[in-house]
K.L.:
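What follows is a single structure, and I will ask about it in a moment.
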Amino acid sequence: MGGILVELEAYAPDDPASHSFNGRTARNAAMFGPPGTLYVYRSYGIHWCANVVCGPEGVGAAVLLRAAKPTHGLDEMRARRGIDDLRRLCAGPGCLTQALGITGDHDGEPLDRLPFELRGAGSTPAAGVVTGPRVGITRAADLPWRYSLRSSLFVSRPRPRA
DNA sequence: GTATTGATCTTCT
DNA sequence: GAAGATCAATACA
């Protein structure tokens, strides 16, 4: 199963909102791995959230996967999520991981080999990307490090207007 | 349609 | 002992 990522958030090592801000711990160890590593953590004790390490190894920079447009394995994802609405299937970090079947077991796994496959969208126009404040954080909330496709109906939080 | 609240666990104070 | 990169159900306009 899979989809087109339509919403992301950036987290840097010198960013107070980032898990890597206070240094390496048992939980965020994967965040300091080589680029392309999957970093999975438990959120609010209930959900799993997936990140892709994107900085050099040992730095602690990653991108949070927030939402996607489902394209493959729809029935499988619907079964896992328990809902039919395509728009909400992957609308949010916790939803996305649940739909894709990502759990803490995948923490630290490389994304450049099976069972994962990560590809560039290729034709996505830069003009279609809109930035804004990140969601659900209290520190450094003013940084416009949330990136989403403007025209997509599949983004999570506030419905970006037009 | 928007606003509010419960569920539930890991980490840090 | 409190807070947190959340979701979904319930309450209200």
Side-chain angles (χ1 to χ4, degrees), chain A residues 1-33 35-55 58-70 73-109 111 116 118 129-150 152-162:
Chain A
M1 58 225 90
I4 301 175
L5 295 171
V6 297
E7 186 176 348
L8 307 167
E9 278 178 10
Y11 287 90
D14 59 349
D15 167 12
S18 173
H19 284 178
S20 60
F21 183 67
N22 289 318
R24 184 175 189 147
T25 68
R27 180 181 89 196
N28 64 21
M31 209 168 165
F32 292 86
T37 299
L38 185 64
Y39 164 48
V40 183
Y41 71 94
R42 197 183 280 293
S43 171
Y44 289 82
I46 303 175
H47 309 285
W48 292 109
C49 290
N51 300 251
V52 177
V53 178
C54 57
V59 168
V63 169
L64 168 69
L65 310 182
R66 285 197 56 87
K69 170 185 176 180
L74 302 187
D75 291 338
E76 177 75 22
M77 293 198 284
R78 273 200 260 251
R80 282 185 182 152
R81 297 273 295 109
I83 60 173
D84 279 345
D85 191 349
L86 260 191
R87 272 196 221 180
R88 296 191 185 160
L89 213 49
C90 298
C95 297
L96 186 66
T97 55
Q98 187 181 6
L100 295 179
I102 297 176
T103 70
D105 290 342
H106 300 110
D107 186 41
E109 294 279 309
L111 283 170
F116 302 105
L118 187 60
V129 177
V130 59
T131 66
R134 291 177 292 182
V135 176
I137 58 174
T138 56
R139 288 170 291 183
D142 54 316
L143 294 174
W145 285 359
R146 172 180 180 228
Y147 301 85
S148 55
L149 287 189
R150 183 205 305 230
S152 178
L153 294 174
F154 297 91
V155 297
S156 62
R157 268 305 195 103
R159 229 148 287 246
R161 304 198 319 148

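Every chain is numbered from 1 and lettered A, B, ... according to where its sequence line falls, protein lines coming before strand lines.
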K.L.:
Can you give me the closest heavy-atom contact between A:F21 and A:D14, atom names plus distance?
P.N.:
CD1-C, 3.8 Å

K.L.:
Calculate the interatomic distance between A:Y147 atom OH and C:dA5 atom P; express it in whole Å.
P.N.:
18 Å

K.L.:
To the nearest 0.5 angstrom, please state how far the SG atom of A:C90 sits from the CD1 atom of A:I4.
P.N.:
11.5 Å

K.L.:
Would you sort out whether A:L65 and A:N51 count as a side chain to side chain contact (heavy atoms under 4.5 Å, CB included), showing the intermediate values?
P.N.:
CA-CA 6 Å; A:L65 310 182; A:N51 300 251; over 6 Å; no

K.L.:
Check this one for me: any side-chain N or O of A:R81 less than 4.0 Å away from OP1 or OP2 of C:dC7?
P.N.:
no

K.L.:
How close or far is atom C1' of C:dA3 from atom CD1 of A:I46, stated in whole angstroms?
P.N.:
14 Å

K.L.:
How long is the line joining OH of A:Y39 and P of C:dA5, in whole Å?
P.N.:
10 Å

K.L.:
Between B:dT10 and C:dA8, how far is it from one C1' atom to the other, in whole Å?
P.N.:
22 Å

K.L.:
A:H47: which residues meet the side-chain hydrogen bond (donor to acceptor under 3.5 Å, both in side chains) condition with it, sequence neighbours left out?
P.N.:
none

K.L.:
Do any of residues 23-30 of chain A sit with a heavy atom less than 4.0 Å from DNA chain B, and if so which?
P.N.:
A:T25, A:R27

K.L.:
A:H47 side chain: which of C:dT6, C:dG4, C:dA8 is closest?
P.N.:
C:dT6

K.L.:
Using a distance-only criterion (donor-acceptor N/O pair, under 3.5 Å, no hydrogens), is the base of C:dA5 paired with the side chain of A:Y41?
P.N.:
yes

K.L.:
Tell me: CG of A:D84 to C1' of C:dA8, nearest whole Å?
P.N.:
16 Å

K.L.:
To the nearest 0.5 Å, how far apart are OG1 in A:T37 and CE in A:M31?
P.N.:
11.5 Å

K.L.:
Using atom types as modelled, flag every donor-acceptor pair under 3.5 Å from a side chain in residues 131-138 of chain A to any protein atom, sequence neighbours excluded.
P.N.:
from   : atom 1 : to     : atom 2 : distance (Å)
A:R134 : NH1    : A:A10  : O      : 2.9
A:R134 : NH1    : A:D15  : OD2    : 2.6
A:R134 : NH2    : A:D15  : OD1    : 3.3
A:R134 : NH2    : A:D15  : OD2    : 3.2
A:R134 : NH2    : A:A140 : O      : 3.2

K.L.:
C:dT6 P sits how many Å from A:L89 CG, rounded?
P.N.:
19 Å

K.L.:
Carefully, step by step, assess A:Y11 and A:S20 under the rule side chain to side chain contact (heavy atoms under 4.5 Å, CB included).
P.N.:
CA-CA 8 Å; A:Y11 287 90; A:S20 60; over 6 Å; no

K.L.:
Rounded to whole Å, please give me the gap between CD in A:E7 and P in C:dC7.
P.N.:
10 Å

K.L.:
What is the distance, rounded to the nearest whole Å, between atom CZ of A:R87 and atom C1' of C:dC7?
P.N.:
18 Å

K.L.:
If the test is side chain to side chain contact (heavy atoms under 4.5 Å, CB included), which one of A:R78, A:K69, A:M77 qualifies with A:L86?
P.N.:
A:R78

K.L.:
What distance do A:H19 atom NE2 and A:Y39 atom OH have between them, rounded to the nearest 0.5 Å?
P.N.:
5.0 Å

K.L.:
What dot-bracket string describes DNA chain C from 5' to 3', counting Watson-Crick and G-U wobble pairs whose defining distances are under 3.5 Å, with [ ] for crossing pairs and | for pairs to another strand?
P.N.:
||||.|||||||.

K.L.:
Where do A:A91 and A:A67 come nearest, in terms of heavy atoms and distance?
P.N.:
CA-CB, 4.2 Å

K.L.:
How long is the straight-line distance from CG of A:L74 back to CG of A:L89, given to the nearest 0.5 Å?
P.N.:
7.0 Å

K.L.:
Return a table of donor-acceptor pairs under 3.5 angstrom between the side chains of residues 92-109 of chain A and protein atoms on other chains or two or more places apart.
P.N.:
from   : atom 1 : to     : atom 2 : distance (Å)
A:T97  : OG1    : A:W48  : O      : 2.5
A:T97  : OG1    : A:P93  : O      : 3.3
A:T97  : OG1    : A:G94  : O      : 2.9
A:Q98  : OE1    : A:R81  : NH1    : 3.1
A:Q98  : NE2    : A:R80  : O      : 3.1
A:T103 : OG1    : A:D105 : N      : 3.2
A:H106 : ND1    : A:T103 : N      : 3.1
A:D107 : OD1    : A:V40  : N      : 2.8

K.L.:
Give A:N22 one of three labels, base, sugar-phosphate or nothing, depending on what nucleic acid heavy atoms sit under 4.0 Å from its own.
P.N.:
nothing

K.L.:
What's the CG-P distance between A:L64 and C:dA5, to the nearest Å?
P.N.:
10 Å

K.L.:
First and last nucleotide of DNA chain B touching chain A, 5' to 3', heavy-atom cut-off 4.0 Å?
P.N.:
B:dA7 to B:dC12

